[in-house]
Amino acid sequence: MASIPEDAQHIIECGTESCERYGAMYCNSCYRPMCEQCKDDHLKSSDNVDHDVVPYISRNRKLPVEKCKTHPIKDLDLLCEECQIPLCSLCTTLKNHKWHGFVNLEKFYSENYHFCLDKLPSIRDYFLPTSKELQKEIQEDAKEIERIMENIRGKVKTDIESLKKLADEVMSEIMVEVDKEEEKLLDEIKSQDKTVDEYITYLQKLDGDIREYLSASKVTNILIEHSKNLEIRPIPETTKPVTPTYTVGQHSKEDVSNLLGKLHADQDQPKTRNIKPLKSRTSTSKEVKQDYPKASTTQQTWSLTAGTKIKELTVPDIECIFHVSLDKSDKLWVSDNTGNIFQVDFQGNMLQKICTSLQGFGYHTVTQDGDFIYTDREKKVINKKTKDKEVAVFISGGFWEPISIHSSLKTGNIVVGMKRTADAKVVRYNINGSFNYTIYRDINGKKLYSEPHYITENINGDICTSDFEKQEVVVVNERGQHRFSYRGQRPLFYPYGICTDTLGHIIVCDVYSNKGSIDILDQNGQFLSHLLESQQGIDCPYSVCVDDQNNLYVGHFSNNTLDVYKYLQCSSGSPS
C-alpha cells in the first residue's frame, strides 16, 4: 500500500473490502486503514489478537523495499544498534555483528518519520517565515545603508561646494584690492608724467628764448632781454613706484581636509538582531474567560466562551464568501471574489444581485439610512444603491482606488480604504459623502497602510483596518492618530475580514495558520483568544460581521456557507 501524505485532502477509506466508512484507525501489522467497527471485528479474531492497531495519524510508515547487498535475496529489515547500519536477518549471523543488538528497521524508520514530520510545521510556521523576515530585515538594512551613504555623499558634495563658494568670494575680494592698488599707482605715475611733460615744454621754450637773445640785432633788445631771468629750473623730482607683491598661500591636502567635515565610523559593537521566540500553541478560547461590561443601560458581566454554532446558511450561486454586510431590514449582503454581490434573507433566498468589477475585499456596507454602498475600484468611485434600488455615484475617489468601506451605524460617518500604486490611505467622509479628513502617516511620518482591504469602526470611534500586505491590523483613533498595530500570535499573520461588537472587541480573520482562525482582541489591542479554529469547523475564514445581539457571522473562502456563532455568555448563564 502506498504511503499517504499527512496533508492529504481526500478522506481515507476503510481498507476492509466493501466497507466505505472513514478509516480512522490503522493496523501496523496488516498495513491497512480500517474504521472503528472493522477495528473491533479485526481484533476479535484470535489470529489478530497481537496486531498493533493505532490511530491512522500514528501509524507505522511502511519501510521502502531494498535488497541486502550481502544477501541479495533478502530485504533489509533490521538495524544494527552497534554499527548503525541496516541489515537483513541473515546478516545477524555474521561474525562482525556477533553480540550486537538489533531493532526492527521498520519501527525505527517509522519513529524517525514521525519525528521528522513533527519538525515540518515548526519549519513551515516558524523557522522558515522567521528566517525570511530576518532576511527581509537584512535587505531593508542594506537599503537603509545605501540611503544613508548616498545622503553622506550629498553632504560631502555640498560641503565642498560651500568651500568653493567661499574661495570664490575671497578671490573676488582680493581681485578688488588688486584693481584699487593698480588704479592708485597708475594715478601717481600719470601725475609724474604730467610734471615731466610740463618741464620739457618749459625747457623747449627756454631754449627758444636763449637762441633769440643770442641773435639780437639791437642793443636795446640785448639790454631788455638781459634783464630776464635766464636761470634754468632744476629737473623736477620724481619717484619710482613701489608695486605690491602677492604671497602665494601654502596649502596641503590635509589643510583642505581640515576645512571640511569628517566621516565618523561608529566603533560600537553591532547589536544582535532580535529573533522571535518559538511560541507554544496559544490556549484555545475555551480556556480564556474574561469579564467585560456590556454597553447598555443595565450593567451586566459577560465572558468569552468557545464559539458555538447556532445556524448555518447556504448562499446560492456563489462559490465563496469574501465579505458580509448586515442589512437593517434583517437581510444580508454577501460577495465573492469575482465582483458579484448578493442580497439574501436569513433562509438563504436570493433577493438581489449586483455585478461589479473584480473585487475581493471588504468593499460594501449599509449606511445609517439603510442604503447600500459599494466601491468600484476600476472606475475609482463609490456607488450608492438606495432602498428604491436606484444606483448612482455617491463619492468619487479621484486618482485613488477605493478598496474597502464601512459606514458607522452610530454616527453615519463613512471610512474608506484607498490605494494608488505603492501608496495607501484611509479617508473619512460624513453621512452625506462630504470629505472630512485623510489618514495617511503616523506622527513620525511613517506610512500607516499598504493594503487596507477590510475596514471597520469600533464603539470608541477607533478605525480598525485589516492590512494584508503589512500583515497587521492597524488601529487609529477617531482623529486619525495611530494607537496600535496587531501582528497576530503566530510567526506569520495574514488578516482578512474584520469587525467589532457591542463590547468593543475587535474580531479578525487570520487565513494563514492551518485552516485559519479567528482572533479576538479587546479595544486596546490586547489579544484575548483564538475565538474559532479548525476544531470548530473553521475552514479559511475570509469574512466576519456581528449583529447587535453579538451573533458572529463567518464566511469562508472554501465554500458558500455562512455560519453563525455565539461566543459571549452572561454571568447569569444566559447567552448574549
Side-chain angles (χ1 to χ4, degrees), residues 140-270 422-423 440-441 443-447:
E140 289 296 325
D141 285 348
K143 292 179 182 178
E144 180 68 8
I145 288 172
E146 290 175 355
R147 185 191 67 78
I148 290 172
M149 300 314 290
E150 188 61 31
N151 186 39
I152 290 175
R153 290 188 187 96
K155 288 181 178 179
V156 171
K157 290 178 181 178
T158 302
D159 202 14
I160 291 175
E161 289 299 325
S162 176
L163 184 60
K164 288 180 179 178
K165 185 178 178 181
L166 289 174
D168 289 341
E169 290 178 2
V170 171
M171 182 184 70
S172 297
E173 292 173 358
I174 293 175
M175 289 303 180
V176 169
E177 289 182 17
V178 170
D179 292 343
K180 287 182 178 179
E181 188 66 24
E182 180 185 27
E183 184 179 357
K184 175 185 174 184
L185 291 172
L186 288 176
D187 286 345
E188 291 178 359
I189 292 297
K190 286 178 182 179
S191 176
Q192 293 184 36
D193 182 63
K194 182 179 179 182
T195 300
V196 172
D197 186 63
E198 290 174 350
Y199 182 72
I200 291 172
T201 302
Y202 155 75
L203 289 176
Q204 289 174 342
K205 184 176 182 306
L206 183 61
D207 179 84
D209 290 345
I210 293 174
R211 289 180 184 280
E212 184 178 347
Y213 180 79
L214 294 175
S215 61
S217 57
K218 294 180 178 182
V219 174
T220 55
N221 290 341
I222 296 172
L223 294 174
I224 294 170
E225 294 298 333
H226 183 71
S227 62
K228 294 180 178 178
N229 184 11
L230 297 179
E231 290 294 325
I232 301 174
R233 293 200 306 262
I235 297 174
E237 189 177 272
T238 60
T239 59
K240 185 79 173 175
V242 179
T243 57
T245 59
Y246 180 74
T247 303
V248 179
Q250 301 297 313
H251 306 302
S252 67
K253 185 177 180 181
E254 184 179 358
D255 293 333
V256 177
S257 179
N258 289 333
L259 294 174
L260 298 172
K262 301 291 183 182
L263 179 66
H264 301 283
D266 200 332
Q267 299 301 314
D268 292 344
Q269 290 295 322
D423 287 330
Y440 184 49
R441 298 179 184 271
I443 59 174
N444 298 315
K446 185 178 180 181
K447 291 182 180 179

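Everything quoted here is computed from the prediction, not taken from an experiment.
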Which distance, rounded to the nearest 0.5 Å, do you find between the [atom1] of [X] and the [atom2] of [Y]?
X: M171; Y: K164; atom1: CE; atom2: NZ; answer: 13.0 Å
X: D141; Y: I148; atom1: CG; atom2: CD1; answer: 9.0 Å
X: R211; Y: L206; atom1: CZ; atom2: CG; answer: 11.0 Å
X: D187; Y: E182; atom1: CG; atom2: CD; answer: 10.5 Å

Exercise. Over all heavy atoms of both residues, which pair between L185 and T243 is shortest? Give the atoms and the distance, please.
Key: CD1-CA, 4.1 Å

Quiz item: What's the shortest heavy-atom distance between E181 and P244, and which atoms?
Solution: CG-CG, 3.6 Å

Thinking salt bridges, do [X] and [Y] make one under a 4.0 Å N-O criterion?
X: E183; Y: K180; value: no
X: K155; Y: D159; value: no
X: K143; Y: E146; value: no
X: R147; Y: E144; value: yes

Self-check item: Any side-chain heavy-atom pair of R153 and V156 under 4.5 Å
Solution: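 No, side chains not in contact.
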
Quiz item: Taking T158 for the side chain and G154 for the main chain, is one N or O donor matched with an acceptor at less than 3.5 Å?
Solution: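 Flag set: sc T158 to bb G154 pair under 3.5 Å.
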
Quiz item: For D168, does its backbone N or O pair with a side-chain atom of S172 as donor and acceptor, under 3.5 Å?
Solution: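 Side chain of S172 to backbone of D168, a donor-acceptor pair under 3.5 Å: yes, one is there.
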
Quiz prompt | Summary of ring pair (Phe, Tyr, Trp, His ring centres under 6.0 Å) pairs that have at least one residue in residues 158-202, sequence neighbours excluded | solution =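 Residue pairs passing ring pair (Phe, Tyr, Trp, His ring centres under 6.0 Å), neighbours aside: Y199-Y202.
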
More than 12 heavy atoms of other residues, nucleotides or ligands under 6.0 Å from [atom1] of [X]: is that the case?
X: K184; atom1: NZ; result: no
X: E254; atom1: CD; result: no
X: E198; atom1: CD; result: yes
X: I443; atom1: CD1; result: no

Quiz prompt | Stepwise side chain to side chain contact (heavy atoms under 4.5 Å, CB included) check, T201 with K205 | solution = CA-CA 6 Å; T201 302; K205 184 176 182 306; 5.8 Å; no

Exercise. Decide side chain to side chain contact (heavy atoms under 4.5 Å, CB included) for T195 and T238; before the verdict, give the C-alpha distance in whole Å, the side-chain angles of both, and the deciding distance to 0.1 Å.
Key: CA-CA 9 Å; T195 300; T238 60; 5.7 Å; no

